[in-house]
K.L.:
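Below you'll find the structure I mean.
Numbers restart at 1 for each chain; the letters A, B, ... are given by sequence-line order, proteins then strands.
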2 protein chains.
Amino acid sequence: MTKPRQQIPKATVTRLAFYLRELQQMQRSGLANIQSRSIAERLGLNDSQVRRDISCLGTVGQRGVGYRVEELIESIQRVLGTDRNWNVILVGVGNLGRALSGYRGFQQQGFQLVGAFDSDPAKIGSSVGSLTIQSLDRLPEFARSNQVDLAILAVPADAAQSVASQIERVGIPGILNFAPIAVQASSSSRTIIQEVDLAIELQRLAFSVVPKSN
Amino acid sequence: MTKPRQQIPKATVTRLAFYLRELQQMQRSGLANIQSRSIAERLGLNDSQVRRDISCLGTVGQRGVGYRVEELIESIQRVLGTDRNWNVILVGVGNLGRALSGYRGFQQQGFQLVGAFDSDPAKIGSSVGSLTIQSLDRLPEFARSNQVDLAILAVPADAAQSVASQIERVGIPGILNFAPIAVQASSSSRTIIQEVDLAIELQRLAFSVVPKSN
DNA sequence: TAGATTGTTAATCGATTAACAATC
DNA sequence: TAGATTGTTAATCGATTAACAATC
């Protein structure tokens with residue numbers, strides 16, 4: 001009875017990822033069962049919302065008891081697509097790129113860094129973690145001989161669009177864009193681009209913090 | 001005619017921050033005027049939405065012409081609160097924390113890193129950028145003698161709640177939480193906590209990329 | 001003026017939540 | 001059974017968008 005994935009609201013997808021993170025914590029601390037109210041409390045949400053979100057998974061709880069943590073984890077991963085491994089490349093090995101490459105959280109959720117690219121000759125050949133930085137020119141060849149699922153784009157703003165287009169052209173289906181400018185997918189490609197900006201997160205927080213006048 | 005800030009929808013705030021980023025790019029390339037349609041196209045939005053968002057600013061465009069880039073930048077910054085400088089501390093100087101400390105985008109938007117804290121004795125006294133890492137125990141004293149507006153929390157999951165409570169107790173009004181677990185503000189404090197998780201961004205992208213079955 | 005684009009309304013669409021029957 | 005919690009409905013709330021009068 002799983003809902004077609006397509007119908008799952010974006011907002012629900014985001015919350016499911018947060019539920020997953022909490023559930024994994026709970027599992028590590030030995031918890032086997034959980035109630036919607038408890039998930040809601042941990043995340044500052046409404047328990048109706050949690051139940052409704054979970055109902056998109058197909059997985060069902062037990063009335064009077066709750067949900068099995070393990071089952072919930074598995075079905076969220078199935079819906080998000082993280083029940084399998086994802087091969088990710090890093091494009092742009094500046095300060096941010098280097099930091100992202102070492103971020104443990106990616107691997108923990110099944111995202112494996114399999115390549116690192118830069119266009120700066122001074123960087124090519126040096127290493128980032130266990131990877132050797134390759135010339136961006138080698139991306140097409142690399143993508144042909146390796147399955148690349150996602151690209152993390154962390155180049156300067158003025159290079160972002162051009163590099164994104166190159167990534168698109170080699171057929172990589174998703175780009176997580178950390179460059180501080182929006183990039184567009186060409187209308188002909190199926191590449192999905194998602195924007196992330198850490199400064200924007202701070203700005204949203206700043207807005208919430210400023211005492212509201214009126 | 002500015003709307004009371006409180007009434008500006010969360011979704012609008014986020015988009016305003018994205019507009020700001022694009023507008024700053026445009027300004028750098030010498031553009032003085034812009035139309036809602038052009039902003040919308042760059043960001044993949046509807047132009048009605050852009051105009052409606054902008055109408056929350058109070059600032060008005062010129063019918064038949066568009067908006068003045070500089071004016072728009074200023075009024076978005078005023079609404080977001082980034083028309084002034086924000087003093088930010090980093091709590092937790094691991095890999096991610098260290099990377100965040102060097103992130104140029106923060107400073108560009110008026111966020112200044114003024115302190116770095118960790119509880120690991122091996123790190124205390126060493127430097128991150130131009131700052132010396134201090135013991136977390138010194139936070140109360142530091143907060144008393146310096147105005148601290150926001151804290152970036154980048155500690156391991158198991159320490160996050162306890163450290164967040166300490167930050168709260170010294171009266172810092174906002175926490176950007178990069179720890180991979182939700183933390184709660186005590187009901188008595190006014191501290192606002194915003195969650196960010198880079199792995200969750202990848203998961204959202206993964207969901208969008210997986211071919212939708214029905 | 002003629003052409004263009006804003007500002008805003010009204011309609012639509014989607015997301016949240018209270019409430020409660022179903023049921024473990 | 002009695003107590004608890006789910007699953008789901010219906011109502012509410014909020015956000016998006018098409019359309020167009022206002023006006024530069």
K.L.:
Measure the shortest side-chain to side-chain distance between A:Y103 and B:L198 over non-hydrogen atoms and say whether it is less than 4.5 angstrom.
P.N.:
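The answer is yes, as the side chains (C-beta and beyond) meet within the 4.5 Å cut-off.
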K.L.:
For B:R63 and D:dT23, what is the distance between atoms CZ and P respectively, to the nearest whole Å?
P.N.:
6 Å
K.L.:
When the distance from CG of A:L57 to P of D:dT6 is rounded to whole Å, what number comes out?
P.N.:
14 Å
K.L.:
Check whether any side-chain heavy atom of A:W86 lies under 4.5 Å from a side-chain heavy atom of B:L202, and answer yes or no.
P.N.:
no
K.L.:
A:Q35 has an atom CD; how far is it from atom C1' of D:dG7, in whole Å?
P.N.:
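Roughly 15 Å, once rounded to whole Å.
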K.L.:
Set out, line by line, the N/O atom pairs under 3.5 Å between protein and nucleotides 14-18 of chain D.
P.N.:
| residue | atom | partner | partner atom | Å |
| --- | --- | --- | --- | --- |
| D:dT16 | OP1 | B:R15 | NH1 | 2.7 |
| D:dT16 | OP1 | B:Q49 | NE2 | 3.3 |
| D:dT16 | OP2 | B:R15 | NH1 | 3.4 |
| D:dT16 | OP2 | B:R15 | NH2 | 2.8 |
| D:dT16 | OP2 | B:Q49 | NE2 | 3.3 |
| D:dT16 | O5' | B:Q49 | NE2 | 3.1 |
| D:dT17 | O4 | B:R52 | NE | 3.1 |
| D:dA18 | OP2 | B:N46 | ND2 | 2.9 |
| D:dA18 | N7 | B:S48 | OG | 2.8 |

K.L.:
Got a sec? Which of residues 64-77 of chain A come in under 4.0 Å of DNA chain C, heavy atoms?
P.N.:
A:G64
K.L.:
Could you give the CD1-to-C1' distance, from A:I34 to D:dT5, as a whole number of Å?
P.N.:
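Atom CD1 in A:I34 sits about 13 Å away from atom C1' in D:dT5.
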K.L.:
With both distances under 3.5 angstrom, what nucleotide forms a Watson-Crick or G-U wobble pair with D:dT23?
P.N.:
C:dA4
K.L.:
Using only side-chain N and O atoms of B:S36, determine if any of them is under 4.0 Å from OP1 or OP2 of C:dT6.
P.N.:
yes
K.L.:
Now, which nucleotide makes the Watson-Crick or G-U wobble pair with D:dT17, with each of the two distances under 3.5 Å?
P.N.:
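Pair assignment: D:dT17 / C:dA10.
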K.L.:
Is it true that a side-chain atom of B:Q184 and a backbone atom of A:R42 form a donor plus acceptor pair closer than 3.5 Å?
P.N.:
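Indeed, once roles are kept as given, a pair shorter than 3.5 Å links the two residues.
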K.L.:
Rounded off to whole Å, could you give me the OH-to-P distance for the A:Y19 and D:dT6 pair?
P.N.:
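Rounded to whole Å, this separation is 12 Å.
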K.L.:
Measure the distance from CZ on A:R37 to P on D:dA4 and round it to the nearest whole Å.
P.N.:
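The distance from CZ of A:R37 to P of D:dA4 comes to 10 Å, rounded to the nearest Å.
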K.L.:
Ignoring hydrogens and geometry, is there a side-chain-to-backbone donor-acceptor pair from B:D118 to B:V93 under 3.5 Å?
P.N.:
yes
K.L.:
Between A:I54 (CD1) and D:dT6 (P), how many Å, whole number?
P.N.:
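Going from A:I54 (CD1) to D:dT6 (P), I get 8 Å.
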K.L.:
Describe, in one word, how the ring planes of B:F111 and B:F106 are oriented to each other, choosing from parallel (under 30°), tilted (30 to 60°) and perpendicular (over 60°).
P.N.:
perpendicular
